[in-house]
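The block underneath contains the structure these notes are about, expressed in structure tokens.
Count residues from 1 along the sequence.
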Amino acid sequence: MKKVSALILSLALCVSLLAGCGAPAATQSPSQSPAGSPAGGSAAITGKVVTNGSTSMEKVIGALIEQFKTVQPGVTVTYDPTGSGTGVEAAKNGTADIGLASRALKDAEKEGGLTETVIAKDGIAIVVNPANGVEDLTVEQIARIARGEIANWSEVGGDDAEIAFVGREAGSGTRGAFEEITETADVCVYSQELTSTGAVVTAVATTPGAIGYVSLSSVDDTVKALKVAGVAPSEATVLDGTYAIQRPFVFATKTDEPLSEASQAFYDFAMDSANAELYAAAGVVPAAN
């Protein structure tokens with residue numbers, strides 16, 4: 001009997017030891033982030049995001065890309081400044097993950113399978129050579145200059161000098177927005193049609209009688225931005241709506257096709273109100289204000 005009792009006790013001890021060996025390991029605390037995760041605890045991802053479109057959005061997209069690298073270093077974001085029309089088409093045909101347009105999408109583009117997301121609002125500055133004495137024009141005066149009905153600066157209070165109206169090429173978002181706001185689509189008389197915002201700034205800066213339109217964020221001290229109906233273009237006047245010539249900065253994406261993980265991360269980053277200062281630094285008003 002003693003032998004049987006000892007055997008039973010030994011078996012019980014073995015079962016207890018085996019149970020201890022099979023105990024689960026301690027789990028990682030939810031507050032701990034995996035090694036290599038971005039600041040803030042969000043999961044690190046890898047991939048590539050292709051953006052294509054508006055040249056006027058260069059400063060904004062550049063600022064977003066630079067800051068996004070600090071959050072998701074494993075994602076590469078590229079930007080090809082081809083113009084709004086090309087960017088919208090690239091989003092449609094899939095050669096770009098996100099198309100960039102410095103204008104609202106047309107109904108036909110939306111019906112063709114694209115969705116627009118406004119990321120910011122931008123003033124379109126009316127710029128002249130710094131030597132020009134004119135300081136203020138109404139929207140109607142600007143429209144008449146664009147149509148060629150006002151051909152001399154003396155007609156709007158300036159010197160006796162011929163006006164040279166400089167603008168963007170067909171398909172440009174800046175041109176489309178300017179012509180829509182001033183109701184001058186297809187009737188503008190251009191002395192030069194240029195392929196980038198920077199080229200317009202240079203042309204106006206080097207031509208005494210020139211006038212043109214550029215993104216507010218592109219205005220520098222080589223040109224002079226005019227008031228429009230008494231209101232100077234600025235972030236504040238674009239935000240409160242008192243500056244008349246303004247347009248949206250848009251992300252164009254496929255309506256029925258989800259973005260990749262990397263593209264969605266960049267999209268979400270661009271729309272995060274915590275990044276509003278990036279837009280302000282680029283001279284535009286963020287939509288997530």
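Under a hydrophobic-cluster definition in which Ile, Leu, Val, Met, Phe, Trp and Tyr are linked whenever side-chain heavy atoms come within less than 4.5 Å, directly or via other members, Tyr267 and Val77 are assigned to the same cluster. A single hydrophobic cluster is seen to contain both Leu137 and Tyr190, as judged by linkage of ILVMFWY side chains at heavy-atom distances under 4.5 Å, directly or through other members. A single hydrophobic cluster is seen to contain both Met271 and Ile45, as judged by linkage of ILVMFWY side chains at heavy-atom distances under 4.5 Å, directly or through other members.
Atoms CZ and CD1, from Phe165 and Ile211 in turn, are 7.0 Å apart once rounded to the nearest 0.5 Å. Expressed to the nearest 0.5 Å, how far CZ of Phe251 lies from CD1 of Ile98 amounts to 5.0 Å. One finds the OG1 atom of Thr174 at 4.0 Å from the CZ atom of Arg247 (value rounded to the nearest 0.5 Å). Note that the CG atom of Leu114 and the NZ atom of Lys254 stand 8.5 Å from one another [nearest 0.5 Å]. Atom NZ of Lys92 sits about 11.0 Å away from atom OG1 of Thr255, to the nearest 0.5 Å. Taken from CD1 in Ile245 to CG in Leu216, the straight-line distance is 12.0 Å, to the nearest 0.5 Å.
Salt-bridge check for Lys224 with Glu135: passed, with a basic side-chain N closer than 4.0 Å to an acidic carboxylate O. A salt bridge links Arg147 to Glu140: one of the charged nitrogens lies within less than 4.0 Å of a carboxylate oxygen. Contact check on Arg103 versus Glu116 returns no salt bridge, with no Lys/Arg side-chain nitrogen under 4.0 Å from an Asp/Glu carboxylate oxygen. Remark: Arg144 does not engage Glu155 in a salt bridge, criterion side-chain N to carboxylate O under 4.0 Å.
Looking only at atom types and distance, the side chain of Arg168 has a donor-acceptor partner in the side chain of Thr55 under 3.5 Å away. For Thr95 and Asn93, the side-chain atoms include at least one donor-acceptor pair closer than 3.5 Å. Side-chain contact annotation: Ser218 with Thr197, donor-acceptor N/O pair under 3.5 Å absent.
Counted within 6.0 Å of CG on Asp220, heavy atoms from surrounding residues, nucleotides or ligands total more than 12; the atom is thus considered enclosed. Within a 6.0 Å sphere centred on CD of Glu149, heavy atoms belonging to other residues, nucleotides or ligands number more than 12.
For Thr70 (side chain) and Gln67 (main-chain N/O), a donor-acceptor pair under 3.5 Å exists by modelled atom type. Although no hydrogens or angles enter the test, the distance criterion places a donor-acceptor pair under 3.5 Å between the side chain of Lys59 and the main chain of Ser217. Of the possible donor and acceptor atoms, one in the side chain of Gln246 sits under 3.5 Å from a partner among the backbone N and O of Tyr243. Remark: side-chain polar atoms of Asp122 are not paired, donor with acceptor, to backbone N or O of Ser215 under 3.5 angstrom. Checking side-chain atoms of Trp153 against main-chain N and O of Asn132 turns up no donor-acceptor pair under 3.5 Å. The closest donor-acceptor contact from the side chain of Asp136 to the backbone of Leu226 lies at 3.5 Å or more, if one exists at all. Side chain of Asp97 to backbone of Ser263: no donor-acceptor contact under 3.5 angstrom is found. Side-chain atoms of Asp80 never come within 3.5 Å of backbone atoms of Asn52 as a donor-acceptor pair (strictly under, hydrogens ignored).
No side-chain heavy atom of Lys121 sits under 4.5 Å from any side-chain heavy atom of Val284. The shortest distance between side-chain heavy atoms of Tyr213 and Val200 does not fall below 4.5 Å. Ile61 is listed as a side-chain neighbour of Leu100, based on a closest heavy-atom distance under 4.5 Å. Here the side chains of Val127 and Val219 are in contact, with some heavy-atom distance below 4.5 Å. At a threshold of 4.5 Å between non-hydrogen side-chain atoms, the residues Thr138 and Val228 do not count as touching. Side-chain contact between Thr78 and Val49 is absent, with no heavy atoms from C-beta onward closer than 4.5 Å. No side-chain heavy atom of Gln264 sits less than 4.5 Å from a side-chain heavy atom of Pro258. Looking at Val60 and Phe249, their side chains come closer than 4.5 Å, going by heavy atoms from C-beta outward.
When the options Val75, Val71, Leu259, Leu64 are evaluated for a side chain to side chain contact (heavy atoms under 4.5 Å, CB included) with Phe266, the one that passes is Leu64.
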Exercise. For side chain to side chain donor-acceptor pair (under 3.5 Å), just list the numbers for Thr242 and Thr237, CA-CA rounded to whole Å, side-chain angles, deciding distance to a tenth of an Å, and then say yes or no.
Key: CA-CA 5 Å; Thr242 55; Thr237 58; 4.8 Å; no
Practice problem: Start with the C-alpha gap between Glu193 and Arg175, add the side-chain angles, then the distance that decides, and say whether side-chain contact (heavy atoms from CB on, under 4.5 Å) holds. | Solution: CA-CA 10 Å; Glu193 297 179 55; Arg175 174 170 170 164; 2.6 Å; yes
Quiz item: For Thr117 and Val250, what are the C-alpha separation, side-chain angles and deciding distance, and is it a side-chain contact (heavy atoms from CB on, under 4.5 Å)?
Solution: CA-CA 5 Å; Thr117 301; Val250 166; 5.9 Å; no
Practice problem: Assess whether side chain to side chain donor-acceptor pair (under 3.5 Å) is satisfied between Ser84 and Ser102, documenting all intermediate values. | Solution: CA-CA 6 Å; Ser84 295; Ser102 50; 3.2 Å; yes
